[in-house]
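Below is one structure; the comments refer to it alone.
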Amino acid sequence: MEIHSTTSTVTVVRLVVDGRLDAEAAPALRDAIAAHIERGVVNLVVDLTSISFVDSAGLAALVSGMKRSRQAGGDLQLVRPTSTAAFRVFELTQFDQIFRFVDPT
Amino acid sequence: MTFHGRDELIIPATPVATRLIRPWLNAVLDLGHEPDPASDLASRAELALVEHCNNVALHGYAGEESSIRLVAQVDDDGLTVTVIDSGVEFDPRSVADPDEIQVHGYGLMIIRKLTDEFDMSRENDSNQWRLRFNAPAGAAGVDCGGKVRNNGGNP
């Protein structure tokens, strides 16, 4: 038996978002996520810790990014918002069961 | 954007204008900076109204420059907001909730889940949407002045 050991480094980009993630702000986040994936960075963490509001347009930017990153072999994970109100849209749409949430670092 | 007293708000039908909804709700419900039992009611109403106004802008007006009028009425049991627009007539019952993962199409689902009543009537070429939000049971009642009071669990 031969054992081969290799080391690989997975690049993870962390995007920290604050304020409101609504229809006004969502296009900028969607474009930022898309730009990273197009450059080959398919593992992303979007840190929503300090976000105060998320609506379905903001959610759409995250879902779009998650789908694109998973299709490219990666994933888009989230740091859960501290605000209960900001997390509400994930619960109402059950995307709290679809996104993978990670601890803040 | 225009404030007509604290019970009425007229905003352009644009995404950025929906950011005026929360401060208006805070004024309607007389919310201060301290933790308040009405804050959850305001958060529910904010999300539903933002979703609704975005739907009106996108589908009712199809991106055309126009305005949306919101009228609030606070009573002993919660909050009713009537939203008036002059966009095309639309029956929300014609749209089913998404049954699989998709990027868009959750607005109406969110509104339905956040409101206790959600209905529309067509009057004078305008859509009049009524969104009703009951205050959380056992947590609050609403004084005539609009301030939600905490019953503290006492009878």
Side-chain angles (χ1 to χ4, degrees), chain A residues 17-34 37 44 46 48 50-72 75-78 80-100, chain B residues 1 11-23 25-26 29 31 35-59 61 63 68 95-115 118 133 136:
Chain A
V17 186
D18 60 12
R20 293 175 67 91
L21 182 49
D22 57 10
E24 179 70 11
L29 177 61
R30 183 195 60 214
D31 292 347
I33 292 169
I37 295 172
L44 301 104
V46 180
L48 302 174
S50 301
I51 212 83
S52 60
F53 178 85
V54 185
D55 67 6
S56 67
L59 179 70
L62 297 168
V63 173
S64 171
M66 177 190 68
K67 292 181 82 166
R68 292 187 66 168
S69 61
R70 289 184 181 179
Q71 285 166 359
D75 197 8
L76 182 149
Q77 300 177 317
L78 302 178
R80 179 181 169 138
T82 304
S83 161
T84 304
F87 192 63
R88 177 173 272 141
V89 74
F90 294 92
E91 297 173 317
L92 292 172
T93 57
Q94 298 185 321
F95 273 101
D96 58 332
Q97 298 168 34
I98 294 168
F99 280 105
R100 294 188 182 94
Chain B
M1 73 231 49
I11 58 172
T14 61
V16 71
T18 63
R19 295 181 173 185
L20 295 167
I21 291 172
R22 183 53 189 259
L25 286 170
N26 287 351
L29 294 168
L31 290 182
D36 193 303
S39 62
D40 186 65
L41 180 65
S43 294
R44 282 170 48 212
E46 177 191 18
L47 180 53
L49 291 168
V50 167
E51 296 291 348
H52 181 69
C53 289
N54 281 333
N55 277 348
V56 169
L58 275 173
H59 305 298
Y61 290 131
I68 303 170
V95 178
D97 290 342
D99 56 5
E100 59 184 27
I101 297 174
Q102 56 191 56
V103 175
H104 298 285
Y106 291 96
L108 272 174
M109 174 184 179
I110 291 166
I111 295 167
R112 288 178 182 128
K113 289 189 174 184
L114 289 172
T115 51
F118 176 53
F133 307 92

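Below, chains carry the letters A, B, ... as their sequence lines are ordered, and counting in each starts from 1.
In this structure, F53(A) CZ and L47(B) CG are separated by 5.0 Å, a value rounded to the nearest 0.5 Å. For the atom pair CG (N55(B)) and OG (S56(A)), the distance works out to 7.0 Å, reported to the nearest 0.5 Å.
Comparing M109(B), Q102(B), E51(B) by how many heavy-atom pairs each has under 4.5 Å with chain A, the most go to E51(B). Per-residue heavy-atom pair counts under 4.5 Å with chain A were compared for D97(B), T18(B), L114(B), and the maximum is reached by L114(B).
L62(A) does not touch chain B: none of its heavy atoms, backbone or side chain, sits under 4.5 Å away. Contact annotation for D55(A): both backbone and side-chain heavy atoms come within less than 4.5 Å of a heavy atom of chain B. Residue A61(A) does not touch chain B at all, counting heavy-atom pairs closer than 4.5 Å. Of the two parts of V50(B), only the side chain, counted from C-beta on, holds a non-hydrogen atom closer than 4.5 Å to a non-hydrogen atom of chain A.
Taking the charged nitrogens against the carboxylate oxygens, R88(A) and E46(B) have no contact shorter than 4.0 Å, which rules out a salt bridge.
Contact annotation: the side chain of Y106(B) never approaches that of L92(A) to less than 4.5 Å [non-hydrogen atoms, C-beta and beyond].
Across every non-hydrogen atom of V103(B) and K67(A), the tightest pair is CG2-CD, 3.9 Å.
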